[in-house]
Structure formats: C-alpha cells, structure tokens
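Read the structure below first, then the notes.
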Number of protein chains: 2
Amino acid sequence: MLARVSTTPSFKRLPRAVREQQMLDAAVKVFSRRGFHAASMDEIAEDAGISKPMVYAYLGTKEELFVACLHREGTRMMQAIAGAAAPELPADERLWRGLRAFFGFVGAHRDSWAVLYRQARGEQPFAGELASMRARLVEVVAGMLDHALRAEGREAGETDLDVIAYALVGATESLADWLADHPQADPEKTATRMMNVAWVGAGQLLRGDSWRPPTP
Amino acid sequence: MLARVSTTPSFKRLPRAVREQQMLDAAVKVFSRRGFHAASMDEIAEDAGISKPMVYAYLGTKEELFVACLHREGTRMMQAIAGAAAPELPADERLWRGLRAFFGFVGAHRDSWAVLYRQARGEQPFAGELASMRARLVEVVAGMLDHALRAEGREAGETDLDVIAYALVGATESLADWLADHPQADPEKTATRMMNVAWVGAGQLLRGDSWRPPTP
DNA sequence: GAGCATACCTACTCGTGCGTAAGGTTACGC
DNA sequence: GCGTAACCTTACGCACGAGTAGGTATGCTC
C-alpha cells in the first residue's frame with residue numbers, strides 16, 4: 001500500500017520556526033476546547049495540518065507541549081499588561097491602563113484565557129506554573145494599593161493588603177470569564193466596571209471605613 | 001486459583017445507602033486530588049474499601065459518579081449558606097451570615113471545594129452544571145445589592161448590578177481558594193475581610209461614587 | 001548534479017483504564 | 001434449615017491515545 005498515488009502535493013515545506021507557531025496555535029485551540037487530558041495529540045496534529053511525529057520532534061511530549069502553550073500565552077498576556085501600565089504613571093492611571101489592556105487581551109484571545117485559567121487550574125502538574133503568575137499579579141496590585149495609601153498618609157497591615165489584592169485579582173478573573181462567555185460584551189466597559197469596584201471600593205475601604213462584625 | 005484461602009473475612013455487608021455514601025466520600029477525595037481524568041475508578045473503589053463493579057452497580061459510569069459528587073457537595077454547600085442567611089434579615093446581616101457560612105464550609109470541606117471549583121471548571125461536560133450554581137449565587141447577591149439600594153431610595157441598572165455581583169462572587173471564590181491553600185487561616189477572619197470589600201466597596205460604589213475613565 | 005541535512009510521512013507498539021460477564025458468599029424470610 | 005435475593009468478588013475485553021521506528025521527499029551547498 002505504498003502506491004503513493006499522486007495525492008495532492010500541496011506540501012508546503014516550511015521552516016521550523018513557522019511550523020512551531022502553527023502547532024502552538026493548534027494546541028492552544030484544542031486544549032482550550034477539550035481540556036488537557038481530553039485533548040489528543042492526533043487532533044492537535046491534524047488541526048495544525050501536520051502529522052503527529054512532527055509535533056513530537058519539535059515540541060516534545062504532551063506535557064511539554066502544554067507548558068509551551070502556557071508560556072507563550074502567559075508571556076503575551078503579561079507583556080500586554082506591562083506594556084500598558086508604565087510604572088511612572090500615577091496609581092489610578094496605571095491601574096486603569098492595566099485593566100484595560102487585560103480585558104482587551106482576554107476579549108481578543110479567548111482561547112488563551114481558557115487555556116491559562118480554566119484548564120491549567122485543575123491539572124496538578126501545572127497548578128504551580130499558574131500560581132506563580134497569579135502571585136506576581138497579586139504582588140503588583142498590593143504594591144499599587146500600598147503606594148496609593150501612602151500617598152494619602154495612611155497605612156495598612158501587610159496581610160490585609162495582600163488579601164484585598166487577592167480578592168481584587170479574583171474579581172478581575174471572574175469578570176474575564178464573564179467576558180469570555182459573552183462575545184458581544186465590550187472589554188472597555190468591563191474594564192471600567194472593574195476599575196470602579198477596585199478603585200472606589202478598595203480605596204474607601206483602606207482609608208479606614210471598614211465594616212465590623214456584630215458582637216452578639 | 002479459586003482456592004479462596006481464608007482471606008480476612010472482615011467483609012462487613014452494609015446496606016446500599018451507607019455504601020453509596022462511602023463511595024461518594026472516596027470519589028470526592030480522589031477527584032479532588034487527581035482531577036477528573038487522572039482519577040481512576042480502581043483507585044476510588046479501593047479507597048472506598050470496595051471493588052469496582054459495586055461502584056458501577058450503585059453510581060453508574062465515571063461521569064455519572066462525578067455528577068453525583070457535584071450534586072451532593074453542591075447541595076451541601078448551598079444548604080449551609082441558605083440555612084444561615086434567612087431572607088427576612090436586613091441585607092448586611094444576611095450577607096455577613098452567608099459569607100461566614102460559606103467560608104466556614106470551605107474551611108471545613110476543602111475537598112468539596114476543590115472538586116466543585118477547581119476540577120469541574122475546566123472539564124467540558126460539567127461546566128454547565130457549575131455555571132448554573134454560580135448563576136444562582138450571582139442572582140442572590142445581585143438581589144441583595146438591589147434591595148439594599150432601594151432601601152436608600154437609589155437605583156442602578158440591571159446589568160451593572162449583575163456585573164458587580166459577578167465580580168463579588170469571583171472575589172469570594174478567589175478568597176476561598178486562598179483559604180483552602182492556607183490551612184492555618186481563619187475562616188471567620190476571611191469572611192470579615194470579604195464582607196468589607198463587598199459591603200463598604202460595593203455600597204459606596206452603587207451609591208453613585210463612581211470612577212470615570214479619562215476622556216483624552 | 002552528487003551529497004547531505006532537514007522536513008515530513010505511514011504505520012505500528014504498548015500501556016492504561018473504563019466498563020462487564022460470570023460466578024461466589026452472606027443474611028433474611030418462611 | 002433452606003431458598004432467594006442482595007451483596008460482593010475476580011478476571012477479563014476492548015478502545016483509545018501517547019509515543020516511536022523506519023522510510024521518503026525536497027531543497028541547499030559546492
């Protein structure tokens with residue numbers, strides 16, 4: 001059965017770097033739709049318009065491939081945010097630009113978001129990878145809050161700050177999910193809403209206007 | 001090899017209802033540690049102290065078993081919350097009790113939380129199941145906000161309310177994750193922190209003190 | 001235009017784990 | 001005391017998918 005009847009000779013022989021990107025594109029797409037375990041290397045290869053051994057030759061095993069996806073998409077996202085929020089700007093401007101960049105990215109790359117936060121979360125081998133990215137975000141947000149507070153001559157405990165930052169990051173992720181599930185929604189508007197919750201809410205709160213549990 | 005040498009005759013024959021609970025306990029444990037796909041029916045059966053066909057006889061296929069876990073844990077959680085937050089109380093009291101019950105539950109049932117929110121999230125077949133639970137929570141929170149607002153004679157757009165509720169639920173989930181990863185942390189204190197973010201922040205915000213994007 | 005490296009393929013092996021068939025054992029009703 | 005139904009087992013079939021062996025074509029260099 002090696003008859004090799006002139007099947008469409010539409011083989012474009014492409015340089016390695018290009019094929020790798022195509023494979024990563026396909027992998028992100030399939031992983032985001034199926035999840036890590038349910039995704040099959042065959043489907044990824046087929047979607048990339050290539051055969052399976054090529055994937056193994058270029059990107060390695062399934063886990064390595066997933067990590068490669070995580071890295072590429074994560075780096076892209078972080079760059080989009082960091083590029084927008086220059087550190088010399090005032091805190092609220094910085095926060096606003098960061099949020100806008102973030103929601104813009106999620107709106108434009110829903111697959112990336114799905115891979116990064118919906119898939120990598122549950123799978124044990126990658127949870128660490130994600131947690132560190134998240135931790136960095138929390139640090140940045142906590143830093144902003146602290147900075148803004150000091151500018152007003154006030155101060156807050158470190159744990160309080162961290163926990164509030166954690167909550168804000170969680171709220172942001174949640175809205176990102178909402179955005180990813182509502183294709184007609186406007187990223188800009190979502191960013192504005194989040195900015196409201198973060199800036200007005202947290203600001204007021206850290207300024208000392210706190211709620212105390214009833215003492216029965 | 002049917003020699004049946006008196007292997008420990010420690011077989012306790014138990015009624016169906018009891019065994020089912022044991023199986024569900026084991027399933028929740030294994031699913032939460034390994035994730036849905038990586039969990040094996042053999043391990044679940046072994047952990048439950050029973051053999052595999054029994055699991056199939058009582059709870060059905062792997063997917064059905066997972067759904068059963070989801071239902072039991074989800075119902076437990078919802079009941080814990082609903083039982084604490086009686087609808088005739090004032091809104092802030094209700095919110096406070098609900099949050100306290102929620103974080104108390106997560107602190108006491110880390111496995112349940114892991115199954116509900118870390119595992120079921122990514123897996124396609126169950127995303128809907130979860131989304132509906134979440135949607136109900138968002139409804140409730142949005143209702144509370146609306147109620148509190150009207151009590152002050154103000155009003156807000158429906159979408160705004162929903163989105164803010166969504167953000168608050170996300171922040172709460174995020175803190176729940178934090179709590180689940182910090183066994184020494186105090187659920188009560190975490191609830192207080194979340195209450196602060198939710199009540200002071202959202203209240204102030206909905207009262208009209210909103211942030212507006214710069215118009216360049 | 002010979003040689004060599006790189007791109008690419010088809011067609012397999014093999015482990016893992018879901019789901020089941022067929023049969024043994026204990027408790028309870030009569 | 002004995003049948004019968006519910007409980008429980010061992011041992012297997014079978015599909016699916018990760019990873020590989022070994023071979024073919026194409027372009028680039030001298």
Side-chain angles (χ1 to χ4, degrees), chain A residues 1-24 26-27 30-31 33-69 119 123-126, chain B residues 1-24 26-27 30-31 33-69 119 123-126:
Chain A
M1 218 60 78
L2 291 172
R4 217 76 191 89
V5 248
S6 69
T7 62
T8 30
S10 65
F11 290 124
K12 287 279 182 201
R13 284 171 83 85
L14 294 173
R16 174 167 185 154
V18 176
R19 276 280 191 252
E20 276 182 351
Q21 292 309 311
Q22 292 179 345
M23 290 176 189
L24 285 174
V30 175
F31 279 137
R33 273 160 184 58
R34 302 244 191 270
F36 175 74
H37 271 285
S40 84
M41 293 299 267
D42 293 85
E43 184 177 355
I44 291 171
E46 187 186 349
D47 194 271
I50 215 73
S51 72
K52 204 167 39 154
M54 288 308 298
V55 181
Y56 280 88
Y58 284 175
L59 278 321
T61 76
K62 192 181 181 183
E63 288 209 356
E64 288 166 345
L65 174 60
F66 191 78
V67 169
C69 290
Q119 308 304 340
E123 312 286 345
Q124 251 54 31
F126 316 111
Chain B
M1 219 63 74
L2 292 173
R4 217 75 194 90
V5 249
S6 70
T7 62
T8 30
S10 66
F11 291 121
K12 286 282 181 198
R13 287 172 83 84
L14 294 173
R16 176 167 184 154
V18 176
R19 276 280 191 251
E20 275 182 351
Q21 292 309 310
Q22 292 179 346
M23 290 177 189
L24 285 174
V30 175
F31 280 137
R33 274 160 184 59
R34 303 243 192 270
F36 174 74
H37 272 284
S40 84
M41 293 298 267
D42 293 86
E43 184 177 355
I44 291 171
E46 188 186 350
D47 194 273
I50 216 73
S51 73
K52 204 168 37 152
M54 287 310 297
V55 181
Y56 281 89
Y58 284 175
L59 278 323
T61 76
K62 192 180 181 183
E63 289 208 355
E64 288 166 345
L65 174 60
F66 190 77
V67 170
C69 291
Q119 308 303 340
E123 312 286 345
Q124 250 53 32
F126 316 111

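All of these numbers come straight from a predicted model, not from anything done at the bench. Below, read A as the first sequence line, B as the second, and so on, with proteins coming before strands; counting in each chain starts at 1.
With hydrogens and angles ignored, no donor-acceptor pair under 3.5 angstrom links the side chain of A:R16 to the base of C:dT6.
Under the side chain to side chain donor-acceptor pair (under 3.5 Å) criterion, B:E63 pairs with no residue, sequence neighbours left out. Listed by chain and number, the residues in a ring pair (Phe, Tyr, Trp, His ring centres under 6.0 Å) with B:Y56 amount to none (sequence neighbours excluded). Applying the side chain to side chain donor-acceptor pair (under 3.5 Å) criterion to B:E64, with sequence neighbours excluded, gives no partner residue.
The shortest distance between side-chain heavy atoms of A:F126 and A:Q119 does not fall below 4.5 Å.
Put simply, the side chain of B:K62 gets close to the backbone of B:A39: a donor and an acceptor are under 3.5 Å apart.
In plain terms, the two heavy atoms of A:R19 and A:Y58 that are nearest each other are CB-CE1, 3.9 Å.
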Dump every N/O contact between nucleotides 28-30 of chain C and the protein below 3.5 Å, one line per pair.
none

What pairs of nitrogen or oxygen atoms, one from the protein and one from nucleotides 17-20 of chain C, lie under 3.5 Å apart?
{"unit_1": "C:dC18", "atom_1": "OP1", "unit_2": "B:A39", "atom_2": "O", "d": "3.2"}
{"unit_1": "C:dC18", "atom_1": "OP1", "unit_2": "B:M41", "atom_2": "N", "d": "3.4"}
{"unit_1": "C:dC18", "atom_1": "OP1", "unit_2": "B:K62", "atom_2": "NZ", "d": "3.3"}
{"unit_1": "C:dC18", "atom_1": "OP2", "unit_2": "B:M41", "atom_2": "N", "d": "3.0"}
{"unit_1": "C:dG19", "atom_1": "OP2", "unit_2": "B:Y56", "atom_2": "OH", "d": "3.2"}
{"unit_1": "C:dG19", "atom_1": "OP2", "unit_2": "B:K62", "atom_2": "N", "d": "3.0"}
{"unit_1": "C:dG19", "atom_1": "N7", "unit_2": "B:K52", "atom_2": "NZ", "d": "2.9"}
{"unit_1": "C:dG19", "atom_1": "O6", "unit_2": "B:K52", "atom_2": "NZ", "d": "2.7"}

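Atom CE in A:M23 sits roughly 10 Å away from atom C1' in C:dC8 (whole-Å rounding). Taking atom CD1 of B:I50 as the reference point, atom P of D:dA6 lies 17 Å away to the nearest angstrom. Distance CD (A:E46) to C1' (C:dC8): 16 Å, rounded to an integer number of Å. Rounding to whole angstrom units, CD of residue B:E20 and C1' of D:dA6 are separated by 14 Å. In this entry the distance linking CE of A:M54 with C1' of C:dT10 reads 14 Å, nearest Å.
The phosphate of C:dT6 (OP1 or OP2) has no side-chain N or O of A:R19 nearer than 4.0 angstrom.
Ring geometry, B:F31 versus B:F36: the interplanar angle falls under 30°, so the pair is classed parallel (tilted spans 30 to 60°).
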Enumerate, atom names and distances included, each donor-acceptor pair closer than 3.5 Å involving a side-chain atom of residues 41-54 of chain B, sequence neighbours excluded.
{"unit_1": "B:E43", "atom_1": "OE1", "unit_2": "B:R34", "atom_2": "NE", "d": "2.9"}
{"unit_1": "B:E43", "atom_1": "OE2", "unit_2": "B:R34", "atom_2": "NH2", "d": "3.1"}
{"unit_1": "B:D47", "atom_1": "OD2", "unit_2": "B:K29", "atom_2": "NZ", "d": "3.2"}

